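Everything below concerns the one structure shown next.
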Amino acid sequence: MTRGTTGAEGVRAGRRVRGAKGAGGVRGVRGRLLDRALDTAVARAGAPGRILFTERQLYYELCRVVRPVGRLPRALRFTPAPPVPYERFEEALSRRRGEVRGLLGPDPASGTGASGAGTWGTGPGDGGGTADGLPVGDFFAPGASAEPDLYDYGLPRLLVCQSRSVARMLLANDLHLEAACPVLAADDLPLDPRLLAGLARVEGATVHVLHDASAAGLALTARLRDGHPGVRVASLGLVPRHAIAMRLNAPRGPAWVPCEARLPAGLDRREREWLARGRSAEVEAVHPARLLRTVQRLVRGPRTPVHSVWTGLRELRAAGFMTWPDN
């Protein structure tokens with residue numbers, strides 16, 4: 001007790017010191033638990049086969065580790081809020097910066113993203129490769145290719161991603177090679193005239209759109225279709241029904257007043273209410289392996305014949321109808 005301090009004041013000061021130490025201890029325990037959960041999330045995000053993933057994909061995988069909603073009965077369909085604030089995830093990630101194998105590096109176009117190596121190793125049999133500095137769209141950007149006849153071939157399919165980081169992740173994992181499909185970001189729009197000419201050479205050629213389950217994501221398909229008349233455009237999702245079925249972590253935003261002209265007619269009442277409450281789910285909330293598997297299957301799957309009865313349901317295709325199975 002210092003000079004001029006009463007006994008009661010000394011007791012209160014001692015309690016404050018002990019309380020601060022106790023709070024620091026709790027924060028220390030929480031930090032260590034979060035670090036362990038992050039270790040598990042890194043292993044799961046890259047499985048199977050040493051998949052390269054983005055920082056936000058790792059964040060959502062951490063959320064699934066902390067709150068494993070997949071263990072609940074499948075009849076329960078909902079979109080939980082992320083259990084871990086993104087700031088706490090960034091703090092945990094910064095404590096092991098440079099040690100996250102499989103985490104993609106920053107996007108050279110934006111200067112954002114994690115600074116991890118984006119590789120699973122360089123030893124014999126590793127099978128992984130680096131994706132640091134991997135540009136989006138350079139395979140088919142004007143003047144970027146060393147092959148002068150690249151644009152002389154027919155192009156049966158093309159994939160446009162709302163998120164540039166998702167496009168980089170797909171390219172880093174060689175989806176453009178396995179699916180024989182150029183991968184671009186929405187920032188690369190409008191499409192290069194040579195790409196449009198390649199699409200015109202193949203009957204039934206399709207531009208697939210991969211977008212978030214959000215008002216902006218749902219509007220991307222219509223915007224691309226309006227900007228490229230005569231080009232067949234189809235949505236792969238996500239839509240609210242996909243997010244609900246997969247129980248994706250969906251942050252809450254400000255309430256949104258829906259405009260019927262912006263929403264596909266295939267959305268039901270529950271999906272419209274979900275959007276009106278300010279809910280949204282990112283493509284990066286889907287597990288990386290599931291995302292790669294589903295996108296490749298949908299892109300390479302059989303195209304709907306022109307004479308099929310389903311071709312009249314354009315709005316349902318725009319909503320990603322009959323995509324993203326539960327398992």
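Throughout, residue positions are numbered sequentially from 1 according to the sequence presented. Note that the structure is a prediction, hence the values are computed from the model and not measured.
Of all heavy-atom pairs spanning V299 and A179, the tightest one is CG1-CB, 4.4 Å. L199 approaches T206 most closely through the heavy-atom pair CD2-O, 4.5 Å. The two residues L267 and R272 have their closest heavy-atom pair at O-NE, 3.3 Å. Closest approach of L184 and A167 over heavy atoms only: O-CB, 4.0 Å. For L292 against L175, the heavy-atom pair with the smallest separation is O-CD1, 3.8 Å. In plain terms, the two heavy atoms of L238 and L218 that are nearest each other are O-CD2, 4.3 Å.
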Fill in: Verdict with reasoning, E55 to Y86, per side chain to side chain donor-acceptor pair (under 3.5 Å)
CA-CA 11 Å; E55 183 174 303; Y86 200 82; 2.9 Å; yes
Fill in: side-chain contact (heavy atoms from CB on, under 4.5 Å) between R168 and T54, intermediate numbers included
CA-CA 9 Å; R168 292 185 64 243; T54 69; over 6 Å; no
Discussion item. Please evaluate residues V283 and C161 with respect to the criterion side-chain contact (heavy atoms from CB on, under 4.5 Å), reporting the C-alpha separation (whole Å), side-chain torsions for both, the decisive distance (0.1 Å), and the verdict.
Written reply: CA-CA 9 Å; V283 170; C161 302; over 6 Å; no
Practice prompt. Could you walk me through whether L58 and L38 pass the side-chain contact (heavy atoms from CB on, under 4.5 Å) test, one step at a time?
Written response: CA-CA 8 Å; L58 179 59; L38 183 59; 4.1 Å; yes
Practice prompt. Under the side-chain contact (heavy atoms from CB on, under 4.5 Å) rule, what do R157 and R300 come out as? Steps first, then yes or no, please.
Written response: CA-CA 8 Å; R157 63 187 71 89; R300 298 261 351 218; 4.2 Å; yes
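Side-chain atoms of H228 come within 3.5 Å of backbone atoms of L191 as a donor-acceptor pair (strictly under, hydrogens ignored). A distance-only check finds no donor-acceptor pair linking the side chain of R44 to the backbone of L62 [under 3.5 Å]. Between the D226 side chain and the R223 main chain, no donor and acceptor come within less than 3.5 Å of each other. Between the side chain of Y59 and the backbone N or O of V84, at least one donor-acceptor pair lies under 3.5 Å. Looking at N173, its side chain does come within 3.5 Å of a backbone N or O of L52 through a donor-acceptor pair.
Remark: S214 OG to Q162 CD distance equals 5.0 Å, nearest 0.5 Å. Taken to the nearest 0.5 Å, the CG atom of L170 stands 11.0 Å off from the CD atom of E178. We find the CG-NE2 distance between L158 and H176 to be 12.5 Å, quoted to the nearest 0.5 Å. Atoms CG and NE2, on L236 and H208 in that order, are 6.0 Å from each other to the nearest 0.5 Å. Distance check, rounded to the nearest 0.5 Å: OG of S94 to CZ of F89 gives 10.0 Å. Summarising the geometry, atom CD belonging to E203 is positioned 10.5 Å from atom CZ belonging to R232; distances are rounded to the nearest 0.5 Å.
L196 is not listed as a side-chain neighbour of L155, based on a closest heavy-atom distance of 4.5 Å or more. Inter-residue side-chain proximity for V166 and E284 is flagged as met; some heavy-atom pair is nearer than 4.5 Å. By the 4.5 Å heavy-atom criterion applied to side chains, L291 and Q57 are counted as neighbours. The closest side-chain heavy-atom distance from T221 to H211 is below 4.5 Å. Using a 4.5 Å heavy-atom threshold, the side chains of R293 and R297 count as separate.
L34 and V65 end up in different hydrophobic clusters when Ile, Leu, Val, Met, Phe, Trp and Tyr side chains are linked at under 4.5 Å.
Remark: R56 engages E282 in a salt bridge (Lys or Arg N to Asp or Glu O under 4.0 Å) (not counting sequence neighbours). Qualifying side-chain contact (heavy atoms from CB on, under 4.5 Å) partners for A197, counting only residues two or more places apart in sequence or in other chains: R201. Shown here are the salt bridge (Lys or Arg N to Asp or Glu O under 4.0 Å) partners of E61, two or more places apart in sequence or in another chain: R64. Shown here are the ring-ring contact (aromatic ring centres under 6.0 Å, His included) partners of Y60, two or more places apart in sequence or in another chain: there are none.
The salt bridge (Lys or Arg N to Asp or Glu O under 4.0 Å) contacts involving residues 208-218 comprise nothing, where partners must be two or more places apart or lie in separate chains.
When each of R30, R95, R88 is checked for a salt bridge (charged side-chain N to carboxylate O under 4.0 Å, His left out) with D35, only R95 meets the rule.
Between R270 and D268 there is no salt bridge, since none of the side-chain N atoms of the basic residue sits less than 4.0 Å from a carboxylate O of the acidic one.
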Mind listing the side-chain donor-acceptor pairs of residues 244-251 below 3.5 Å, one per line with the distance, residues two or more places apart or on another chain?
residue	atom	partner	partner atom	Å
R247	NE	L76	O	2.8
R247	NH1	V69	O	2.7
R247	NH1	L72	O	3.2
R247	NH2	L72	O	3.4
R247	NH2	P73	O	2.1
R247	NH2	L76	O	2.8

